[in-house]
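Here's the structure, in structure tokens; my notes come after.
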Amino acid sequence: MANIASPGEFALKEAQEETRLVNEAFFEHVMSDDPVLQKQAADSVNEFTRFKMREDGFLRKILPPLPLTNDELDRQQDTDRLVKVVDYEGDTPAAISVGFATLPETYWILGRRYLVTLSRILSPRWTGDVALLRTWHMDIRQVLSDNSLKDMLAEEDSKFISAVNTSVGPVDTVMPTTGVAQHQSFSGGFTRDTLWEAEKILPSTPSSFEVKTVLLNNITIKDICKLNLIEFGGEDLAQGIMKNGWTSKEFMGVEYIITIKRDLVPNNVLFYFADPTCIGKHYMLDDTTMAIKREFFMLDFFNYQCSGVTIGNVAGVAKATFE
Amino acid sequence: MAAPRQMTTHTLHGLKGWWHDHSLDFSAPLSSSITEDVHEGRVMSLDTDGTLKYGIATTDMALFLRNASYDYDVVNDGGDPTTDKHAWVSGIPGGTGVGKLTALVATSATEIVSTEFDDQQDYTPGDTLTATTGNKGLLTNQSAVVYTNPVCGVVSRGVVNNGHGVDALAFWPVYMPTAS
């Protein structure tokens, strides 16, 4: 009887063959003396890397990067560093009701601004002999990209969370800008009540922002899955979770982003974010780019990008710790 | 109102040997004990926390700052949100104490020109140089005796123009520690 491959085996062999062809093409391009072909090799890795950055980083989901061009940068007198000046929406005093024969108080037209400054993020530099990469069975682009991707994302997400933690301040401490404690603790663990109480933090500030996005880690979500039938509001969600695990992108009317970076987003902590336009700016001057250099048989590569992130409005972020 | 700062006043450049693909440099954050602005060109070294402190002592490796603590690729200080109403908070590059400064290392094969030197002294080629915590990392040929004081440089061309009309000291960085 002929040895017929099962559909799964066939798919695997097809994927392996495709990977082999991709790797061969990549090697030919990288080893070529033609700079056009070398650039094509770099471009294919860049495409792969940028896709993964979008999928795997939470900063880019909460505050999507806005492309910036040279003519959009704001020159400064005392530095050649890269700066973008951003205007705040003006605060206006309230209107009043008055009797006749009077005119309103006068306020000087003035506005606040904040800065987004840019710097470079670099991945570690990897080097090696091309000959020793020939026997990789994995997609070589993934090998090259993943090695530096984790480091780029770790730096982006880490710095963002550090800024968020600074913005919300210490736990249960009223912040001067909002007059509200933007980092609050809730005892009793995860219940319908504590989850809704936590979602009140952002709209409780004078800015009254509604929550658009919640960030939590992959362990915390499992504690939320323990809500009972009544707390979930019925069988559909409760049964679905018991059967399939957590599959929703949205919960309580907002987007839930689940991360495995528990060093940045600890257990029992939820971060709340308003719409990106109410938080600040994330500018990207040079999107993640892989620099690849081949000299004789030695391959050298690293990732770099030029970007800046500022939380211009600290009222756009909040944090809840569930005890 | 203070006079405006010019970006050419405090500089450190590599006259020779820098920049190339594999230049030796080092990046680290500033020590939290330093709260004032630190200019490009100052001589720093690592403390036990791995942060940058002024000057060198005994076996410290001299690190010559390539950027200033107030450069916008190092810090974007929007105030302290716990005390300042309407403060903003930078994620990238970060607020005070977060960003890293980059420095050329004393053992790098370079000739450096720096505006951050004690301009009350005369410098001749061959003079040895040091920089202490007390003088906030300013290069000087005073108390820079080989094997007695830690030495971080040897004067090459003397005091020259930094390329922008400002006096700067040209030297080769060296690593010459002392035992105590």
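To find a chain, count down the sequence lines: A is the first, B the second, and so on, and within it residues start at 1. Bear in mind the structure is a predicted one, so any value in this text is a computation, not a measurement.
- By the neighbour-count criterion of 12 heavy atoms within 6.0 Å, atom OH of A:Y88 is densely surrounded, having more than that number from other residues, nucleotides or ligands.
- In this structure, A:M175 and B:T82 have side chains that are in contact, with non-hydrogen atoms separated by less than 4.5 Å.
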Candidate pair B:Q6 and A:Q77, rule side-chain contact (heavy atoms from CB on, under 4.5 Å), full reasoning: CA-CA 8 Å; B:Q6 294 285 359; A:Q77 173 270 320; 3.6 Å; yes

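- Taking both residues in full, the closest heavy atoms of A:T117 and B:V75 are given as OG1-O, 4.4 Å, listed atom of the first, atom of the second, then distance.
- You'll find the side chain of A:K293 reaches within 4.5 Å of the side chain of B:D21, heavy atoms only.
- Here the CG-OG1 distance, from B:D73 to A:T79, works out to 7.5 Å after rounding to the nearest 0.5 Å.
- In the displayed structure, A:K84 atom NZ is contacted under 6.0 Å by more than 12 heavy atoms of other residues, nucleotides or ligands.
- Judged by distance alone, the side chain of B:S90 and the main-chain N or O of A:T310 form no donor-acceptor pair under 3.5 Å.
- Smallest separation of non-hydrogen atoms from B:P93 and A:S119: CB-OG, 3.6 Å.
- At a 4.5 Å heavy-atom cutoff, the contact between B:A87 and chain A is made by backbone atoms alone.
- Counting heavy-atom neighbours within 6.0 Å of A:I260 CD1, excluding the residue itself, gives a total of 12 or less.
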Please report the C-alpha distance between A:N313 and B:H86 in whole Å, then the side-chain angles of each, then the deciding distance to 0.1 Å, and finally whether the side-chain contact (heavy atoms from CB on, under 4.5 Å) criterion is met. CA-CA 7 Å; A:N313 188 357; B:H86 300 141; over 6 Å; no

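- Contact annotation for B:T9: neither backbone nor side-chain heavy atoms come within less than 4.5 Å of a heavy atom of chain A.
- Within 6.0 Å of NZ on B:K53 lie more than 12 heavy atoms contributed by other residues, nucleotides or ligands.
- Interface residue B:D84: only backbone heavy atoms are found under 4.5 Å from chain A.
- Interface remark: A:R125 contributes side-chain atoms only to the contact with chain B (heavy atom separation under 4.5 Å).
- Each of A:L118, A:L82, A:D80, A:L115 was checked for a side-chain contact (heavy atoms from CB on, under 4.5 Å) with B:Y72, and the lone residue meeting it is A:L115.
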Determine, stepwise, if the pair B:K85 / A:V314 fulfils side-chain contact (heavy atoms from CB on, under 4.5 Å). CA-CA 10 Å; B:K85 203 170 176 181; A:V314 296; over 6 Å; no

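- For CG of B:D122, the number of neighbouring non-hydrogen atoms (other residues, nucleotides, ligands) closer than 6.0 Å is 12 at most.
- Panel note: side chain A:K159, backbone B:G94; no donor-acceptor pair is recorded below 3.5 Å.
- Taking 4.5 Å as the limit, some side-chain heavy atom of A:T166 sits within range of a side-chain heavy atom of B:P81.
- Considering only heavy atoms from C-beta on, A:E156 comes within 4.5 Å of B:I92 through its side chain.
- Once rounded to the nearest 0.5 Å, the distance linking CZ of A:R112 with CH2 of B:W88 reads 10.0 Å.
- Between chain B and the options A:G312, A:A163, A:S307, the largest number of non-hydrogen pairs under 4.5 Å is found for A:A163.
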Working for side-chain contact (heavy atoms from CB on, under 4.5 Å), residues A:R81 and B:N67: CA-CA 11 Å; A:R81 294 329 198 245; B:N67 38 25; 3.4 Å; yes

